[in-house]
Amino acid sequence: MPDGEQWNQRQAGRDARDLPDAQDDVPDAQESDAARRRRRAQFLRELHEAKQLRDRVQPRRARAARMRQQMRMRTFRW
């Protein structure tokens, strides 16, 4: 157990100040935020495309998923 406690203390002691590249990222906060948004948008586009492909390739599963969604909507109360 002492090894686990030491590991937890080491993990708790780590933060952004311990990383050498952390100071370089601070001025580019807006740029990194924009880059994060671009990466997220790209990921969501690819995810949507993959879901459409899966629906085309597996029509039975897609139909079952649509039916489940319809049942959820029917039983949903406002």
Could you please spell out the steps behind the side-chain contact (heavy atoms from CB on, under 4.5 Å) verdict for Leu53 and Arg56? CA-CA 5 Å; Leu53 176 64; Arg56 280 197 311 270; 3.5 Å; yes

Answer with yes or no whether the side chains of Arg45 and Gln42 bring together a donor and an acceptor at under 3.5 Å. yes

Check this for me: does any side-chain nitrogen of one of Lys51 and Asp55 sit under 4.0 Å from a carboxylate oxygen of the other? no

Pairwise distance [atom1]([X]) to [atom2]([Y]) - rounded to 0.5 angstrom:
| X | Y | atom1 | atom2 | result |
| --- | --- | --- | --- | --- |
| Arg40 | Arg37 | CZ | CZ | 10.5 Å |
| Arg66 | Met71 | CZ | CE | 15.5 Å |
| Arg36 | Phe43 | CZ | CZ | 13.0 Å |

Can you confirm whether Met73 is buried at CE, in the sense that more than 12 heavy atoms of other residues, nucleotides or ligands lie under 6.0 Å from that atom? yes

More than 12 heavy atoms from other groups under 6.0 Å of CZ on Arg72: yes

